[in-house]
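One structure is given below, encoded as C-alpha cells.
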Amino acid sequence: MHCRGPSAKRVAEPKEHGVHRLMNSAPLCHVAGVGHCLPNQPISNAALIERYGLASTPEWIESRTGIQQRYFVEAGQTTATLATAAAQHALTQAHLSPMAIGAVLVATCTPDYTFPSVATLVQAALGVPAGTVALDVNAACSGFIAALSMTQGLFATRPALQHILVIGAETFSNVLDFTDRSTCVLFGDGAGAVVLTRNQPGETRGLLVVEQGADGTQAPLLHSGHGVARGGIAGTVQMQGAAVFKHAVRQMGDRAATAALLAQSGYTLAGLDWLVPHQANARILEAAAEALQIPPYKVITTVGQHANTSAASIPLALSHAQQQGQLKAGQLLLLQAFGAGFTWGMASLIW
Ligand code: UT7
C-alpha cells in the first residue's frame, strides 16, 4: 500500500502552525504542479462598457464587485483549448509527461460540446493514453472542489494510479447576456489546472479533507435559462444577484462548518495560512472572511484581474498565487467554493 485511507488511526502529532495537530488520515496525494491559461487580452471595465453599450460605469463595477478586468476567448479558443494549455503548464511544473497521467477530470459548465466531455478532448490533445479515466464534473462554480473530492476515491480504489490532472475551465463569455448589465460585467473566461500525485508512505503534505453540499431548491436563483432539454442549447446567465450574494456570504462565512472541516484535518482556523475562495465578488470574499475571522492578508483575491471564472477561479487563483510567490511548501490552505445549484464545497490542503 502506498498510502493510508480515511479510516487510519488518529495519531497526535507535534505542534504545527501554532496548533496541536491531530492526524486522522494521511493525505493520499499532493499538488505536484499547477498552471493556468487565460485568453490573450484583458478587457477593462471601460472597454466592456464601450463594446456592449452598457448603462454602467467602471467605478460602479469596481466598487460593487472589485472587478477591474476580465478575459474573453477569441476565435479558435474554447474551454478545451484553455484547459489543455493550463494542463500543459501544470505538467511541465510537475516534470511529467502526459503519458504518466491516469485520470483527467475537468470541472466546467461551459463545455465545447454537449458530448463528448471536455476531459476527453483534453486527453486527446495532450496525448494522455487511451484507457485512462476522463470525465467532466458540473457543479457550476463549485466544480473544482467536486473534482478534487473525486480524486480521493480514484486514488483510494485504483492502486496503480499515480497522477491525476484536475482542471477547472470555463468560457462564460459564451453564456452571457450582454444586454443584462447586472450579470455580464461579472464573469470571465480562463482555466487552471493541478497535477495531483500519489503520496509516498509517510508523506504528510497534500489534500486532507474535502466536503461538498448542495441545495437544489435554490436553483431558480442562478441558472442558465435554457439547456439541451429546455428549448435551447446553452442559454445565458440568469441571476438574482442580491439573493445569491447573501447565500454566498452565509455559506462561505460559516465559521462552525469551516472550523469543523479544519478540525477534521487536524488544524484550527488560527493555523490557516491561506484562504483560497471562489472568486465571485470581492465584497463576498471580504464579508465571508470577516465572518470566519480570517484577516484579509490571508485571503487570495484574484477577482479583480480575472472576474468570476466559475469552476476555473480556484485553480486560477492557486496558479496566480504561486507565480506571485505567495504559496510556500508546508502551508495550510483552505479552498472554498459556492455556486449555482446551489452547490458548495471546501477542501483543506497542505501545499
Ligand atoms: O459565483 C457565484 C455566483 N454569483 C455571485 O456570487 C454574484 C452575487 N451577486 C453580486 O455579486 C451582486 O449582487 C451584484 C454585483 C450582482 C449586484 O450588486 P448589488 O450591490 O447587490 O446591487 P443590486 O443588485 O442591489 O443593484 C443595485 C443597483 C440597481 O439599480 P436600482 O434598482 O437601485 O436603480 C441595479 O439595477 O445597481 C444597478 N446595477 C448596475 N448599475 C450599474 C446592477 N448592475 C449594474 C451595473 N452598472 N453593471
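The figures that follow rest on heavy atoms only: side chains count, while hydrogens, waters and symmetry mates do not.
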For a quick check under 3.5 Å, do [X] and [Y] share a side-chain donor-acceptor pair by atom type?
| X | Y | value |
| --- | --- | --- |
| Q69 | S44 | no |
| R70 | N45 | yes |
| T110 | E170 | yes |
| W274 | Q326 | no |
| T108 | T79 | no |

Contact check, side chains of [X] and [Y], non-hydrogen atoms, under 4.5 Å:
| X | Y | answer |
| --- | --- | --- |
| E203 | H30 | yes |
| R255 | L269 | yes |
| I284 | M252 | yes |
| L54 | T179 | no |
| H226 | I233 | no |
| P277 | V299 | yes |
| C109 | F172 | yes |
| T151 | L105 | yes |

Looking at every non-hydrogen atom in both residues, tell me the closest pair between [X] and [Y] and how far apart they are.
| X | Y | value |
| --- | --- | --- |
| A282 | V303 | N-CG1, 3.8 Å |
| L332 | L272 | O-CD1, 3.7 Å |
| A83 | V122 | CB-CG2, 3.8 Å |
| A85 | C37 | CB-SG, 3.6 Å |
| G143 | V137 | O-CG1, 4.1 Å |
| H163 | L96 | ND1-CD1, 3.4 Å |

Taking [atom1] in [X] as the centre, count heavy atoms belonging to other residues, nucleotides or ligands within less than 6.0 Å. Is the count above 12?
| X | atom1 | result |
| --- | --- | --- |
| Y113 | OH | no |
| H247 | NE2 | yes |
| E50 | CD | no |

For the pair H320 and H306, name the ring-plane relationship: parallel under 30°, tilted 30 to 60°, perpendicular over 60°. perpendicular
Going only through I, L, V, M, F, W and Y residues with side-chain contacts under 4.5 Å, is there a path from [X] to [Y]?
| X | Y | result |
| --- | --- | --- |
| F338 | I67 | yes |
| L318 | L165 | no |
| I167 | L161 | no |
| M150 | F155 | yes |
| V34 | I314 | yes |

Determine whether a donor-acceptor pair (N or O, by modelled atom type, separation under 3.5 Å) exists between the side chain of [X] and the backbone of [Y].
| X | Y | value |
| --- | --- | --- |
| T343 | A139 | yes |
| Q279 | S313 | no |
| D215 | F342 | no |
| Q77 | E74 | yes |
| S319 | P315 | no |
| N138 | A107 | no |
| T120 | P116 | no |
| Q238 | T236 | yes |
| R283 | R64 | yes |
| N308 | L186 | no |

When rounded to the nearest 0.5 angstrom, what distance separates [atom1] in [X] from [atom2] in [Y]?
| X | Y | atom1 | atom2 | result |
| --- | --- | --- | --- | --- |
| R51 | C184 | CZ | SG | 11.0 Å |
| Q324 | T302 | CD | OG1 | 10.5 Å |
| Q305 | L38 | CD | CG | 10.0 Å |
| L316 | T309 | CG | OG1 | 4.5 Å |
| Q322 | I300 | CD | CD1 | 11.0 Å |
| L335 | S142 | CG | OG | 12.0 Å |

Apply the test side-chain contact (heavy atoms from CB on, under 4.5 Å) to residues Q264 and E211: give CA-CA distance (whole Å), side-chain angles for both, the deciding distance (0.1 Å), then the verdict. CA-CA 11 Å; Q264 206 188 329; E211 276 187 10; 3.2 Å; yes
Please identify each residue that fulfils ring-ring contact (aromatic ring centres under 6.0 Å, His included) with H223, with sequence neighbours left out. none
Excluding sequence neighbours, so at least two apart, what forms ring-ring contact (aromatic ring centres under 6.0 Å, His included) with Y71? none
List the steps and the verdict of side-chain contact (heavy atoms from CB on, under 4.5 Å) for S117 and V106. CA-CA 8 Å; S117 65; V106 178; over 6 Å; no
I'd like to know whether I350 forms a side-chain contact (heavy atoms from CB on, under 4.5 Å) with L208, so could you lay out the CA-CA distance, the side-chain angles of the two residues, the decisive distance to 0.1 Å, and finally the verdict. CA-CA 7 Å; I350 300 293; L208 299 171; 3.9 Å; yes
Check each of D112, L82, T78 against T171 using the side-chain contact (heavy atoms from CB on, under 4.5 Å) test, and report the only one that passes. L82
Evaluate side-chain contact (heavy atoms from CB on, under 4.5 Å) for R198 paired with L28, printing each intermediate quantity in order. CA-CA 6 Å; R198 181 183 290 279; L28 296 171; 5.5 Å; no
